[in-house]
S.K.: 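The structure that follows is given in the form of structure tokens.
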Amino acid sequence: MPNTHALKLPSPKGIASDFSRGSVLFVGTATVVIRYAGFTILTDPNFLHAGDHAHLGYGLTSKRLTNPALEIDELPPLDLCLLSHFHGDHFDRVAAERLDKDLPIITTPHATRALHRKDFRNLHSLDTWDSIVISKGEASLRVTSMPGRHAPGPLAPLLPQVMGSMLEFGMEGTGTLYSMYISGDTLLIDELNEIPKRYPDIFLGLFHLGGTKILGLLTVTMDAKQGVEAVRIIHPHTAIPIHYNDYTVFKSPLEDFQRAVEEANLPVEMVYLSHGEAYEFEVPAMQARLRAVGGS
């Protein structure tokens with residue numbers, strides 16, 4: 001049976017949470033800053049620069065081709081970090097050295113063990129379908145671990161355990177005001193079909209693409225074709241591709257995905273962000289107000 005954990009953050013003093021609008025800032029690779037309902041969330045922190053090498057395990061590295069839109073010291077105050085898995089292009093040496101060791105980090109059991117060895121203290125481990133409910137003042141956020149697999153078949157154990165995430169923002173007793181899916185570094189797997197059965201009305205989906213190839217042979221993240229099919233399966237109202245074009249191991253460029261989307265004629269709004277650009281979304285004020293007082 002799935003488990004549910006709880007985490008309470010300090011309540012903001014004299015500042016009301018804004019449930020009417022939010023934003024997703026694309027920093028680069030799989031790193032975004034999500035701001036909604038008083039929460040500020042960092043995902044998969046990667047602050048290496050062009051020319052730096054990320055360590056991928058087994059002595060393998062990949063050179064970064066781009067710079068992050070923000071330096072780690074330029075981040076706003078954070079409430080938590082959401083980490084899909086422990087790989088050098090998702091949690092790099094800059095993050096290991098300079099993130100607050102008491103920052104809550106929600107991640108996989110494998111990553112939890114690795115981060116504990118790096119002296120991070122506020123770690124929250126989720127298995128697939130497990131949840132953690134985070135409260136901050138009047139706002140609440142449920143993060144649930146989604147299915148993910150980083151390598152095909154019998155090769156899966158050779159790569160780190162990976163998870164997608166479902167974020168459900170709201171207020172206690174009012175239901176979900178805004179839902180967001182983040183794929184993590186998964187391939188297209190059958191288990192993804194369970195997600196829309198459990199979450200049939202997802203507002204926003206962030207999809208890790210890139211068609212990453214290890215040793216130039218083994219594909220370990222979704223390429224353009226798989227990404228289109230994942231968007232079709234999850235079927236969010238709006239989809240944003242991330243995790244592409246940043247490293248030499250990324251072999252499926254964004255342009256391939258854009259062409260595949262046009263050919264597929266997906267009934268989903270697609271948003272393409274450059275590094276440093278933000279997607280701003282609105283939750284209709286009347287809907288937010290009705291749900292806040294227990295309406296429909």
Side-chain angles (χ1 to χ4, degrees), residues 2-3 28-32 34 41-46 54-58 60-62 80-92 95-96 105-118 120 123-132 143-167 180-195 198-199 205-215 218-223 226-227 229-231 233-234 240-244 246-247 249-252:
N3 296 311
T29 319
T31 309
V32 302
I34 301 165
I41 303 162
L42 175 69
T43 72
D44 290 17
N46 181 209
H55 296 275
L56 306 178
Y58 305 104
L60 301 174
T61 65
S62 181
L80 60 99
C81 175
L82 187 58
L83 177 61
S84 66
H85 68 298
F86 192 77
H87 245 163
D89 59 331
H90 291 259
F91 199 97
D92 62 24
I105 301 177
I106 300 169
T107 190
T108 65
H110 171 270
T112 296
R113 293 190 292 271
L115 292 171
H116 180 75
R117 292 192 293 270
K118 294 184 179 295
F120 286 89
L123 302 170
H124 302 270
S125 174
L126 299 181
D127 288 314
T128 303
W129 304 121
D130 282 353
S131 298
I132 183 168
V143 177
T144 304
S145 174
M146 297 288 103
R149 191 181 309 143
H150 209 346
L155 297 175
L158 298 178
L159 289 182
Q161 182 183 27
V162 66
M163 73 178 198
S165 299
M166 187 68 68
L167 285 65
M180 184 183 304
Y181 167 73
I182 306 175
S183 72
D185 273 16
T186 187
L187 296 171
L188 189 67
I189 57 175
D190 289 341
E191 290 86 344
L192 297 184
N193 290 287
E194 180 65 21
I195 295 174
R198 301 189 186 209
Y199 303 92
L206 306 181
F207 293 86
H208 293 203
L209 303 179
T212 306
K213 286 185 180 291
I214 300 297
L215 298 175
L218 180 66
T219 300
V220 297
T221 65
M222 291 186 288
D223 59 15
Q226 289 194 38
E229 186 58 27
V231 173
I233 290 170
I234 303 300
I240 301 175
I242 58 176
H243 193 270
Y244 57 80
D246 287 289
Y247 279 92
V249 290
F250 294 172
K251 301 301 184 182
S252 181

S.K.: Quick one: do the D185 and H90 side chains pair a donor with an acceptor below 3.5 Å?
M.R.: yes

S.K.: Are D127 and P109 side-chain neighbours, meaning at least one heavy-atom pair lies under 4.5 Å?
M.R.: yes

S.K.: Begin from the C-alpha positions of L159 and H110 and carry the test side-chain contact (heavy atoms from CB on, under 4.5 Å) through to its verdict.
M.R.: CA-CA 10 Å; L159 289 182; H110 171 270; over 6 Å; no

S.K.: Output, in order, the C-alpha distance, side-chain angles, deciding distance and verdict of side-chain contact (heavy atoms from CB on, under 4.5 Å) for H124 and V143.
M.R.: CA-CA 11 Å; H124 302 270; V143 177; over 6 Å; no

S.K.: Do P147 and E194 have side-chain heavy atoms sitting under 4.5 Å apart?
M.R.: no

S.K.: Report the C-alpha distance between L187 and R149 in whole Å, list the side-chain angles of each, state the deciding distance to 0.1 Å, and finish with yes or no for side-chain contact (heavy atoms from CB on, under 4.5 Å).
M.R.: CA-CA 6 Å; L187 296 171; R149 191 181 309 143; 5.6 Å; no

S.K.: Once rounded to the nearest 0.5 Å, what's the spacing between atom CG of L218 and atom OG1 of T212?
M.R.: 10.5 Å

S.K.: Using side-chain contact (heavy atoms from CB on, under 4.5 Å), reason through D89 and H243 one step at a time and then give a plain yes or no.
M.R.: CA-CA 10 Å; D89 59 331; H243 193 270; 3.7 Å; yes

S.K.: To the nearest 0.5 Å, what is the distance between CD1 (I233) and CG (L188)?
M.R.: 5.0 Å

S.K.: Indicate whether the side chain of T31 and that of N46 have a donor and an acceptor atom separated by less than 3.5 Å.
M.R.: no

S.K.: Would you compute the distance between atom OG1 of T107 and atom CZ of F86 and round it to the nearest 0.5 angstrom?
M.R.: 9.5 Å

S.K.: With no hydrogens and no angle check, is any side-chain donor or acceptor of D130 less than 3.5 Å from a backbone partner on N3?
M.R.: yes

S.K.: Please report the shortest heavy-atom distance between T112 and S125, naming the atom on each side.
M.R.: OG1-CB, 3.4 Å

S.K.: Among K251, Q226, K213, find the residue that satisfies the side chain to side chain donor-acceptor pair (under 3.5 Å) test when tested with T219.
M.R.: K213

S.K.: Can you name the closest pair of heavy atoms from I214 and L60 and give their distance?
M.R.: CG2-CD1, 3.4 Å

S.K.: If you take all heavy atoms of T108 and S84, which pair is closest and at what distance?
M.R.: CG2-O, 3.5 Å

S.K.: Looking at CD of E191 and OG1 of T128, how far apart are the two atoms once the value is rounded to the nearest 0.5 Å?
M.R.: 8.5 Å

S.K.: Would the distance check show the side chain of S62 and the main-chain N or O of V249 forming a donor-acceptor pair, the cut-off being under 3.5 Å?
M.R.: yes

S.K.: Under 30°, 30 to 60°, or over 60°: which ring-plane class applies to H87 and H150, parallel, tilted or perpendicular?
M.R.: perpendicular

S.K.: First locate atom OH of Y244, then atom OG1 of T221, and finally report the distance between them rounded to the nearest 0.5 Å.
M.R.: 13.5 Å

S.K.: For G184 and V162, which heavy atoms make the closest approach, and how far apart are they?
M.R.: C-CG2, 4.5 Å

S.K.: To check you understand the geometry: which heavy-atom pair defines the closest contact between W129 and Y199, and what is its length?
M.R.: CZ3-CE1, 4.2 Å

S.K.: Can you tell me which residue among L167, I182, T43 is in a side-chain contact (heavy atoms from CB on, under 4.5 Å) with L206?
M.R.: I182

S.K.: Quick check: closest heavy atoms across S131 and T144, and the distance to 0.1 Å?
M.R.: OG-OG1, 2.7 Å

S.K.: What distance do L80 atom CG and I105 atom CD1 have between them, rounded to the nearest 0.5 Å?
M.R.: 9.5 Å

